[in-house]
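Single-structure report; data block below.
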Amino acid sequence: MWYYRNNVNGAFNMYSYYVGANPPTSTNPTPIFPKINKTVFLSPFTYIVGDVTIRSNTFIAPFVSIRADEGTPFYIGSNCNLQDGVILHGLKNKQIEINHKKYSIYIGDEVSCAHGALIHGPCQIDQKVFIGFKSIVYHARIGEGSFIASGAIVTGGVTLKPGSFVPPGAHIDSQKKADSLSQVPKNEVEFAREVQRVNQEFPSAYSIVFGKDRCTCGLSC
């Protein structure tokens with residue numbers, strides 16, 4: 001539906017997001033509704049189902065899919081940003097353990113997932129990590145402050161030490177490769193920091209644009 005609201009520039013596309021419990025299956029028989037902090041911004045076309053926790057001031061951009069319908073649960077920390085087209089999914093019965101609790105996907109605070117990235121559980125992404133455009137993280141643990149550049153793949157059960165830099169297009173699928181990675185260059189540290197700065201403003205800014213209260217069709221009241 002296109003909606004004109006005294007807008008001299010034309011139409012606003014106001015389709016709503018979808019948030020709901022996972023469908024009951026033999027793999028995941030108990031429907032659980034996501035737990036999303038009220039300061040999180042969910043863009044139109046966002047899709048979130050199942051046992052998903054999202055903490056404060058996190059920005060979820062358009063066309064993000066977060067499906068805890070197979071692997072579960074998911075945890076996303078505060079001040080994160082999941083940019084356009086990011087996908088989160090997990091394998092059944094495959095989890096990582098953090099502080100005596102098991103997760104399919106665990107994402108710490110201030111993590112940036114750039115456009116088109118795929119995060120597939122089981123995986124752990126510690127705080128202040130940058131995951132680049134169209135990169136893939138699957139069956140891996142990513143140390144604090146690491147930078148995964150565009151088009152890279154990190155998989156194979158590897159653990160990246162804090163501050164690791166994965167070059168563009170690299171395929172890190174063994175611990176030997178993971179251990180050989182250099183530290184994040186200064187210019188990439190600054191880039192990741194600026195991405196965080198910009199995206200931490202988006203939840204409140206977009207909430208003003210869309211309005212505090214919205215009906216199921218997505219229109220602000």
Side-chain angles (χ1 to χ4, degrees), residues 17-19 22 27-28 34 36 40 42-54 58-77 80-96 98 102-160 164-174 177-178 181 184 188 191-192 195-196 199:
Y17 51 77
Y18 178 83
V19 177
N22 54 286
T27 300
N28 193 0
I36 302 173
V40 171
L42 303 180
S43 298
F45 303 102
T46 297
Y47 185 86
I48 305 175
V49 295
D51 190 356
V52 177
T53 297
I54 307 179
T58 284
F59 175 68
I60 309 296
F63 301 103
V64 170
S65 176
I66 304 173
R67 290 199 296 121
D69 53 7
E70 181 182 345
T72 185
F74 296 174
Y75 175 91
I76 301 169
C80 292
N81 60 89
L82 275 59
Q83 299 174 19
D84 311 64
V86 168
I87 297 173
L88 271 63
H89 197 246
L91 292 179
K92 66 177 183 179
N93 303 323
K94 300 292 184 181
Q95 297 173 311
I96 47 92
I98 301 172
K102 293 183 178 180
Y103 300 90
S104 175
I105 294 176
Y106 180 94
I107 297 177
D109 297 341
E110 297 186 41
V111 170
S112 295
C113 300
H115 310 290
L118 169 61
I119 314 300
H120 206 288
C123 68
Q124 172 184 343
I125 300 169
D126 290 337
Q127 64 182 1
K128 299 183 183 296
V129 167
F130 181 89
I131 299 173
F133 310 108
K134 296 187 179 298
S135 57
I136 298 173
V137 178
Y138 162 61
H139 191 204
R141 294 176 183 262
I142 312 300
E144 177 179 346
S146 293
F147 190 108
I148 300 172
S150 301
I153 300 173
V154 183
T155 188
V158 303
T159 297
L160 268 58
S164 294
F165 177 68
V166 181
H171 192 166
I172 307 302
D173 58 357
S174 71
K177 290 181 181 179
L181 295 171
V184 183
E188 300 292 20
F191 175 76
V195 169
Q196 266 295 315
N199 279 272

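Just so it is clear, the structure is predicted and the values come from calculations on it, not from any experiment. In what follows, every heavy atom counts, from backbone to side chain, and hydrogens, waters and symmetry copies are set aside.
N22 is not listed as a side-chain neighbour of T72, based on a closest heavy-atom distance of 4.5 Å or more. Put simply, the side chain of I76 reaches to within 4.5 Å of the side chain of I66, judged on heavy atoms. Between L88 and V52, the closest side-chain pair of non-hydrogen atoms is not below 4.5 Å. Between F59 and S43, some side-chain heavy-atom pair lies under the 4.5 Å cut-off. Inter-residue side-chain proximity for L91 and Y138 is flagged as met; some heavy-atom pair is nearer than 4.5 Å. Contact annotation: the side chain of V40 approaches that of I60 to within less than 4.5 Å [non-hydrogen atoms, C-beta and beyond]. For the pair V111 and I142, the minimum side-chain heavy-atom distance is 4.5 Å or more. Between Y18 and V49 there is a side-chain heavy-atom pair separated by less than 4.5 Å.
A donor-acceptor pair is defined here as one N or O able to donate and one able to accept, closer than 3.5 Å; no such pair exists between the side chain of T155 and the backbone of A140. With S146 contributing its side chain and S164 its backbone, the two residues share a donor-acceptor pair below 3.5 Å.
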Start with the C-alpha distance between K177 and V158, add both sets of side-chain angles, then the distance that settles side-chain contact (heavy atoms from CB on, under 4.5 Å), and finish with yes or no.
CA-CA 9 Å; K177 290 181 181 179; V158 303; over 6 Å; no

Before you tell me yes or no, could you show the steps for I105 and H120 under side-chain contact (heavy atoms from CB on, under 4.5 Å), namely the whole-Å CA-CA distance, both residues' side-chain angles and the distance that decides it to 0.1 Å?
CA-CA 7 Å; I105 294 176; H120 206 288; 5.9 Å; no

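Interatomic distance, L42 CG to Y47 OH, rounded to the nearest 0.5 Å: 14.0 Å. From N28, atom CG reaches atom CG of D69 across 7.5 Å, with rounding to the nearest 0.5 Å. To the nearest 0.5 Å, atoms CD1 (I48) and CD1 (I36) are separated by 4.0 Å. Residue I119 holds its CD1 atom at 6.0 Å from CD1 of I107, rounded to the nearest 0.5 Å. The line from CG of L118 to CD1 of I87 is 6.0 Å long, rounded to the nearest 0.5 Å. With rounding to the nearest 0.5 Å, the separation of OG1 in T58 from CG in L82 is 8.0 Å.
Taking all atoms of both residues into account, the shortest heavy-atom contact from L181 to P167 is CD2-CD, 4.1 Å. When all heavy atoms are compared, the tightest approach of E70 to K92 is OE2-N, 3.2 Å. In terms of heavy-atom proximity, C123 sits nearest to I96 at O-CG1, 3.7 Å. Between V86 and C113, the closest heavy-atom pair is CG2-O, 3.5 Å. In terms of heavy atoms, A114 sits closest to G132 at CB-C, 3.7 Å. Here the shortest heavy-atom pairing between V129 and D126 reads CG2-O, 3.0 Å.
Here the rule is side-chain contact (heavy atoms from CB on, under 4.5 Å) with Q83, and of V64, I131, V195 only V195 fits it.
Relative orientation of the F133 and H115 rings is parallel, given thresholds of 30° and 60° on the angle between their planes. Relative ring orientation between F165 and F147 is described as tilted, the plane-to-plane angle lying within the 30° to 60° band.
Take Q196 and apply the side-chain hydrogen bond (donor to acceptor under 3.5 Å, both in side chains) test, not counting sequence neighbours, and it matches S112, Q200.
Judged as a side chain to side chain donor-acceptor pair (under 3.5 Å), the pairs with a partner in residues 102-111 (not counting sequence neighbours) are, in order, E110-K128.
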